[in-house]
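The shown structure was predicted, so the numbers you read here are calculated from the model rather than taken from an experiment. Sequence positions, counted from 1, serve as the residue numbers for this chain.
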Amino acid sequence: MVIHPKVRGFICITAHPVGCEQNVQEQIGITKAKVGSATGPKRVLVIGASTGYGLASRVTAAFGYGAATLGVFFEKPSSETKPGTAGWYNSAAFDKLAKQAGLYARSINGDAFSNETRARAIELIKNEMGGPIDLVIYSLASPVRKLPDSGEVVRSSLKTIGQPFTASSVDTNKDAVVQVTVEPGTEQEIKDTVTVMGGEDWALWIEALNQAGVLAQNATTVAYSYVGTEITWPIYWHGTIGQAKQHLDNTAHELSARYQAQGLHAYVGVMKSVVTQASSAIPVIPLYVSMVFRIMKEKGLHEGTIEQANRLFHDVLYRADGTPPATDEEGRLRLDDWELRDDVQQACKALWSQVTTQNLWETTDYAGYKNEFLRLFGFDRKDVDYNADVNPDVSFDVVQL
Ligand SMILES: NC(=O)c1ccc[n+]([C@@H]2O[C@H](COP(=O)([O-])OP(=O)(O)OC[C@H]3O[C@@H](n4cnc5c(N)ncnc54)[C@H](O)[C@@H]3O)[C@@H](O)[C@H]2O)c1
């Protein structure tokens, strides 16, 4: 099969296995060059491990610290007519490269919100991993959650709270700057968004691992969050999704208190804006990302998911001098510190009011945004021949639920 990108709205419905493998290789190369500390995690569970921040965390744990990793994700292998998803190919590549490096790697392809997936993960940890988990990374981004007991399906929404919000955004199909209006969510929509993207499921994972005796004494758990800036607050931090992220903050405090005797350190890790499948779907964010990328690249501050994950592990969680992580006043780990620097944000604000369809490519890093978006799916890499026939059927050692 010859595989080219097929972009539909904010998603690409095809993915390239060779390009995805190259992406994973690249993340491994960056990690090996940067990380290298004697002490790090030994057995790591990554929930949401196939793309974005979760994949970068898995790569960092395995190739930066030699950790055994168990990855959970929800992806699709290829069918007769369609290639698999990027997360499927990424995970296949990770599995192959980790095993080649002599590292334990296991993956579960299933719904992380379900009790069955938790049970299978615990079984694998008990039977195969040779000891308890000392780091749990929670990196799910999902528009929908099937509640584990009732089976009820709950949907999240990306809406404002109170007032509609109109702002510039980019229509990535037309490469045009447009005005979008985001409507306020109802009370029910706010509640549902918290149910899907808040901390309830994270807490269920920790509880299940602890009850099964597979959570190490003094373990660490980090759930990823986004706070952003004034430009994105109305749609994000002050919107329905922000309520879910605030619930995550509360959950971190609750978990640390509940499992104090076990010495659990539960953190929210506030990460910077990056291009992922999840962030491309949020109005306003792709235009903001195009601007902030340009500014941060000019200042030599640019980071993608792998640089952020490397920095989180190396400079924050597992510091060479053994000191505990620095947190903000809410107890959160702030990896968005460079993005939120005054000089970066002032430059962003100045640019924000000037950007138009005509000057989009010159004034922002829209080209970089488009390239990174296609690369998420294994496309737009110079080292891959996209006209070559490729086998889309890539299988690997995965527990299929
Ligand atoms: N992208 C950003 O700019 C950004 C910035 C800061 C924080 N974050 C946060 O990072 C976290 C991860 O987001 P991302 O941007 O890396 O997203 P992503 O879309 O790249 O990754 C989502 C992951 O969740 C998995 N997943 C989704 N539904 C699942 C389910 N039901 N069962 C099992 N796995 C499932 C996917 O397979 C994938 O591995 C989110 O909490 C997000 O808010 C993202």
Side-chain angles (χ1 to χ4, degrees), residues 10 30 34 52-53 56 158 160 165-172 174-182 224-239 241-242 245 268-276 278-312 315-316 326 328-330 332-376 380:
F10 48 73
I30 292 169
K34 163 87 176 117
Y53 276 122
L158 287 164
T160 63
F165 171 64
T166 301
S168 299
S169 194
V170 62
D171 178 334
T172 47
K174 296 186 181 139
D175 300 329
V177 175
V178 292
Q179 294 294 303
V180 290
T181 298
V182 182
Y224 292 139
S225 184
Y226 181 67
V227 173
T229 80
E230 272 169 54
I231 296 172
T232 56
W233 278 345
I235 170 72
Y236 203 98
W237 188 247
H238 293 162
I241 183 74
K245 294 301 191 185
V268 161
V270 184
M271 312 307 276
K272 78 177 281 282
S273 316
V274 290
V275 185
T276 66
S279 70
S280 328
I282 308 175
V284 183
I285 298 279
L287 182 58
Y288 168 73
V289 165
S290 303
M291 291 192 315
V292 82
F293 270 27
R294 158 123 197 223
I295 293 155
M296 292 184 79
K297 281 179 184 174
E298 276 172 7
K299 291 179 183 286
L301 297 174
H302 181 67
E303 292 178 298
T305 53
I306 193 64
E307 289 83 6
Q308 281 265 292
N310 282 183
R311 185 150 74 93
L312 170 68
D315 297 355
V316 180
D328 67 9
E329 63 284 359
E330 310 270 345
R332 300 176 294 206
L333 312 174
R334 298 304 295 253
L335 277 296
D336 60 346
D337 49 350
W338 298 355
E339 177 179 345
L340 296 192
R341 262 175 39 172
D342 262 355
D343 57 332
V344 173
Q345 286 308 314
Q346 289 307 333
C348 257
K349 275 186 208 151
L351 201 53
W352 187 247
S353 54
Q354 290 167 19
V355 66
T356 61
T357 302
Q358 287 68 38
N359 66 21
L360 177 65
W361 297 86
E362 293 81 52
T363 56
T364 77
D365 187 28
Y366 185 56
Y369 176 85
K370 295 268 280 194
N371 167 261
E372 283 209 26
F373 175 78
L374 287 172
R375 281 172 70 122
L376 293 177
D380 216 15

Considering non-hydrogen atoms only, spot the tightest contact between [X] and [Y] and give its length.
X    : Y    : value
Y288 : C348 : CE1-SG, 3.9 Å
T276 : L376 : C-CD1, 3.5 Å
P286 : V170 : CB-CG1, 3.9 Å
F293 : S273 : CE1-O, 3.6 Å

When rounded to the nearest 0.5 angstrom, what is the spacing between [atom1] in [X] and [atom2] in [Y]?
X    : Y    : atom1 : atom2 : answer
H302 : R294 : NE2   : CZ    : 14.0 Å
D336 : T229 : CG    : OG1   : 10.0 Å
M291 : D365 : CE    : CG    : 12.0 Å
K174 : T357 : NZ    : OG1   : 10.5 Å
L312 : L335 : CG    : CG    : 5.0 Å
W361 : K370 : CH2   : NZ    : 5.5 Å

Would you find a donor on one side and an acceptor on the other, under 3.5 Å apart, between the side chain of [X] and the backbone of [Y]?
X    : Y    : answer
K299 : V344 : no
R334 : A326 : no
S279 : V274 : yes

Evaluate side-chain contact (heavy atoms from CB on, under 4.5 Å) for V355 paired with L360, printing each intermediate quantity in order. CA-CA 6 Å; V355 66; L360 177 65; 4.1 Å; yes
Verify whether one side chain among Q179 and S169 offers a donor that lies under 3.5 Å from an acceptor in the other. no
Check whether any side-chain heavy atom of [X] lies under 4.5 Å from a side-chain heavy atom of [Y], and answer yes or no.
X    : Y    : value
I295 : D343 : no
V180 : F165 : no
Q345 : L340 : yes
Y369 : S280 : yes
K349 : I231 : yes
T356 : N359 : yes
E372 : V289 : no
F373 : D380 : no

Pairing of R311 and E307 as salt bridge, 4.0 angstrom limit: no
When you look at E330 and V268, which way does the side-chain contact (heavy atoms from CB on, under 4.5 Å) test go after all the steps? CA-CA 9 Å; E330 310 270 345; V268 161; over 6 Å; no
Could you walk me through whether W338 and M296 pass the side-chain contact (heavy atoms from CB on, under 4.5 Å) test, one step at a time? CA-CA 8 Å; W338 298 355; M296 292 184 79; 3.9 Å; yes
Using the six-membered ring wherever Trp is involved, compare the ring planes of Y53 and Y224 and label them parallel, tilted or perpendicular (cut-offs 30° and 60°). tilted
Parallel, tilted or perpendicular: ring planes of Y236 versus Y226, cut at 30 and 60 degrees: perpendicular
Could you walk me through whether L287 and W352 pass the side-chain contact (heavy atoms from CB on, under 4.5 Å) test, one step at a time? CA-CA 9 Å; L287 182 58; W352 187 247; 3.7 Å; yes
